[in-house]
Amino acid sequence: MGKKSLEERVMEEAEFLCSAVNSEEGRPFNLHFLVNNAVCNVICTTIYGKRFDYGDETFKKLLHLFEKFLKEETGFLTQLFNAVPILLHIPGVRQKVFRGQKEFMDFVDVLIHKHMETWNPADTRDFTDAFLKEMKKGKAAEESGFNYNNLRLVTADLFGAGSETTSTTLRWAVLYMILHPEIQSKVQAEIDKVIGRERSPTMEDQVSMPYTNAVIHEVQRCGDVIPIGLPHKTYRDTELQGFFIPKGTTIITNLSSVLKDETVWEKPNEFYPEHFLNANGKFVKPEAFLPFSAGTSEGRIQLQVRGTVRGVICSFHRDSSVV
Ligand code: HEM
């Protein structure tokens, strides 16, 4: 994915974010937009090989259209059409209801086309270049998914799945630190001890910072930013906690029920970093820590079927009717 590792991109962007925060010089301001800018920029560097200045007009437009697209996706009408999809057959409705989505996708097209103009097969700058390289391999590659339409959809998917989740989690982290100054002090003490104030943190520091690591995990557990996972379909008959689930059933996971499971977590509804620390202050990760869901690999399915993780399934649907 280009020349810089993801870690370097995050570190670089974190510095821009910190100096933008510093430039407020202690005045009250809304952190939301700055954090959004920073997170979207990390996704931009991955997809387009470069970051944008926060005041850049293209970047502002991208964020504005993306925000509109998100609002539309979570709005009342979209929920209504999800529940009653037949309404989408009314002439003109799709164009009207999904206008934001179309504008965002049109803008993604513009960015991809700009990239195509400067594309050089000998120099893979980023994700878009790598995808274009695969697309050029011919019909078989195209049929296996490396086609233009998938490139624009995957791009939108990375923005959609990666930005709001991460920036909301970061804002929860700031809020919890404000609400728990004693925890904030302990985190700061560990940062000062392990990293100091002269250099940036790296992923290598993580193993030496059990308390901060526990706090970050607790932010994700309590923040619970995706309470209900995405729908998945069973590819074979299976059994889960005594329930028979036929092949082809849509499963929607209830991640909240796991992250707040009172049989696993000592204080499920409190911010308590000790959930991730053992008696010796060493970092531990309980099996029920599933903010990213359980994954779709066979191993994970076995884990759920054994019933070691309670309450993962909230509802099963088959052929649109609840079983
Ligand atoms: C704290 C941050 C994040 C959280 C809590 C989170 C959580 C999740 C969850 C719960 C799912 C659904 C899994 C399922 O039900 O199978 C998901 C899917 C996904 N996530 Fe994340 N995620 C985060 C950050 C990211 C980032 C940074 C990226 C990439 C830039 C990303 C890319 C994706 C993609 C591509 C999917 C699949 C979407 C689809 O199938 O349409 N996520 N994530």
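Both ligands and their constituent atoms are indexed starting at 1 by order of listing. Any value given below was found using the heavy atoms of this structure, including those in side chains, with hydrogens, waters and symmetry copies removed.
Counted within 6.0 Å of CD1 on I86, heavy atoms from surrounding residues, nucleotides or ligands total 12 or fewer; the atom is thus considered open.
A side chain to side chain donor-acceptor pair (under 3.5 Å) check over residues 161-183, counting only residues at least two apart or in different chains, returns the pairs N36-S167.
Near H232, the atoms of ligand 1 lying under 4.0 angstrom from a non-hydrogen atom of the residue are 14 (C), 15 (O), 16 (O). Set against the non-hydrogen atoms of L255, the atoms of ligand 1 under 4.0 Å away are 10 (C). Ligand-side atoms of ligand 1 in range of T169: 1 (C), range being under 4.0 angstrom from any heavy atom.
Residue contacts with ligand 1: Q220 is placed with no nitrogen or oxygen under 3.5 Å of a nitrogen or oxygen of the ligand (distance criterion only). Looking at L230 next to ligand 1, an N or O pair under 3.5 Å apart turns up. The shortest N or O to N or O distance between T253 and ligand 1 is not under 3.5 Å.
Ring pair F289/F276: centre-to-centre distance below 6.0 Å.
K68 pairs by the side chain to side chain donor-acceptor pair (under 3.5 Å) definition with E103, not counting sequence neighbours.
Taking each heavy atom of G100 and E72 in turn, the nearest pair found is N-OE1, 2.6 Å.
Residue contacts with ligand 1, taken as heavy atom pairs separated by less than 4.0 Å, involve I226 solely via side-chain atoms from C-beta onward. Proximity of T46 to ligand 1, defined as any heavy-atom pair under 4.0 Å, is not found for any part of the residue.
Judged purely by atom type and a 3.5 angstrom limit, E24 has no side-chain atom pairing as donor or acceptor with the backbone of F29.
Comparing heavy-atom distances from atom 9 (C) of ligand 1 across F292, F127, F159 singles out F292 as nearest. Of the candidates P291, A161, G160, S163, it is A161 that places a heavy atom closest to atom 32 (C) of ligand 1.
Ring geometry for H115 versus Y48: interplanar angle of 30 to 60°, hence tilted.
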